[in-house]
Amino acid sequence: MQERRLRSDRLPRHVAVIMDGNGRWAEARGLSRNEGHRAGIEAVRAIVRGAHELGIRTLTLYSFSLENWERPRGEVEELMRILEHYLESELDEVHRNGIQVRAIGRLDRLAAPIRKRLDDAIERTRDNREMQLVFALSYGGRAEIVDAARSLMREAELGKLDPDRLDEKTFAAHLYDPDLADPDLLIRTGNEMRVSNFLLWQIAYAEIYTTPVMWPDFRKGHLVEALLDYQSRERRFGLTSAQVRSGREPERA
Ligand code: IPE
Ligand code: IPE
Ligand code: MG
């Protein structure tokens, strides 16, 4: 029903999700945090399917932050196992649906087996064009900016880049995945109002939607709610409302 109210011509191209609240969802039920993470996988399945059915072009899932490495060892290991299992069990369906798997983050910190699974998934789905599914893994927004700066400095050192000519476009070309469009919509579940070091550069003009729903309970209907909210907003990119309504394209650097 509700989906009919969604305007297919005004969908966000790129939706990024901070999947938060697994631990609290579990604690509220007298379960362990790890059981919360396992339940969260059902939401991942539902949202990947849902986003694909709705025609979202890019879906980025904040799956594990650099800061998350500091969690108790048993929790980190379980999160890695879950992710590895997801890649193993879902890849056929993901591939069948024409979804391309990508990953951003300090992937060199991942253990060899999960890294291999991820590389295989990326390789196998490379030519798929229906939707991009991006896992932010061992990911930190500041680290990404530092890594881009480091790579730019190397180019400058080699004389391949003139510091005076550095602009936003060149900078963005050194981020982990320069082919991704910036997120239009950033969703955070789990009732928190913060960005927790996610895509700091890319969310400059993203619309932010937060919900008290804990990640394991998040389903396609909640995604549709977020999209409807997104479609009710006017994105101004610094212009006045009158300028936007007269159809002027904002200047993007
Ligand atoms: C999100 O749920 C999953 C990851 C951060 C990997 P949390 O584990 O952060 O759940 P809460 O925030 O403690 O409820
Ligand atoms: C953000 O959630 C990271 C992921 C969802 C992977 P956190 O639970 O780690 O964030 P904070 O600690 O509440 O800011
Ligand atoms: Mg959390």
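Position 1 is the first residue of the sequence; numbering continues from there. The model shown is predicted, which means the values in this text are computed figures rather than measured ones. For the numbers below, each heavy atom of this structure counts, side chains included, while hydrogens, waters and symmetry mates do not. Just so you know, ligand 1 is whichever comes first in the structure, and atom 1 is the first atom listed for that ligand.
- Counting protein heavy atoms only, atom 6 (C) of ligand 1 is closest to Ser63 O, 3.6 Å.
- Contact annotation: for Arg188 versus ligand 2, heavy atoms closer than 4.0 Å belong to the side chain alone.
- Contact annotation for atom 12 (O) of ligand 2: protein absent (non-hydrogen atoms, distance under 4.0 Å).
- Between Arg71 and ligand 2, at least one pair of N/O atoms sits closer than 3.5 Å.
- When only interatomic distances are considered, the shortest N/O to N/O separation between Asn68 and ligand 2 falls below 3.5 Å.
- Annotation for ligand 1: atoms under 4.0 Å from non-hydrogen atoms of His37 are 3 (C), 8 (O).
- Under 4.0 Å from ligand 2, not a single heavy atom of Glu192 appears.
- At a heavy-atom cutoff of 4.0 Å, ligand 2 is contacted by the backbone of Phe64 but not by its side chain.
- A salt bridge between Asp108 and Arg106 is absent, with no side-chain N of the basic residue lying under 4.0 Å from a carboxylate O of the acidic one.
- The contact set between ligand 2 and Arg194, taken as ligand atoms under 4.0 Å from a residue heavy atom, comprises 11 (P), 13 (O), 14 (O).
- Using modelled atom types, one finds no donor on one side chain facing an acceptor on the other under 3.5 Å when comparing Gln132 with His14.
- Between the side chains of Arg235 and Tyr230, at least one donor-acceptor pair of N or O atoms lies under 3.5 Å.
- The pair Asp120-Lys116 meets the salt-bridge criterion, with a side-chain N (NZ, NE, NH1 or NH2) lying under 4.0 Å from an Asp/Glu carboxylate O.
- Which parts of ligand 2 touch Ser196 is read off a 4.0 Å heavy-atom cut-off, strictly below it: atoms 10 (O), 11 (P), 14 (O).
- Taking a 4.0 Å cut-off on heavy atoms, Glu67 fails to register as neighbouring ligand 2.
- Looking at Asp147 and Arg150, a side-chain N of the basic residue comes within less than 4.0 Å of a carboxylate O on the acidic one, giving a salt bridge.
- The nearest N/O/S atom of Asp20 to the Mg ion (ligand 3) is OD1.
- Residue contacts with ligand 2 leave out Arg24, since none of its heavy atoms falls under 4.0 Å from the ligand.
- By the 4.0 Å N-to-carboxylate-O rule, Arg81 lies too far from Glu84 to be salt-bridged with it.
- By the 30° and 60° cut-offs, the orientation of the rings of Tyr62 relative to Tyr139 is perpendicular.
- Here the protein heavy atom with the shortest distance to atom 10 (O) of ligand 1 is Gly23 N, 2.9 Å.
- Between Glu123 and Arg126 a salt bridge is recorded (basic side-chain N to carboxylate O distance below 4.0 Å).
- Between Glu78 and Arg33, none of the side-chain N atoms (NZ, or NE/NH1/NH2) sits under 4.0 Å from a carboxylate O, so this pair counts as no salt bridge.
- The backbone of Met19, and not its side chain, has at least one atom closer than 4.0 Å to an atom of ligand 1 (non-hydrogen atoms only; backbone = N, CA, C, O).
- Residue-environment remark: CZ (Arg233) exceeds the threshold of 12 foreign heavy atoms within 6.0 Å.
- Proximity of Arg33 to ligand 1 is established by a heavy-atom distance of less than 4.0 Å.
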**OP:** Check the pair Phe135 / Leu61 against side-chain contact (heavy atoms from CB on, under 4.5 Å), numbers first and verdict last.
**Re:** CA-CA 5 Å; Phe135 291 97; Leu61 300 177; 4.3 Å; yes
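- For the pair Gly190 and ligand 1, no heavy-atom separation below 4.0 Å is found.
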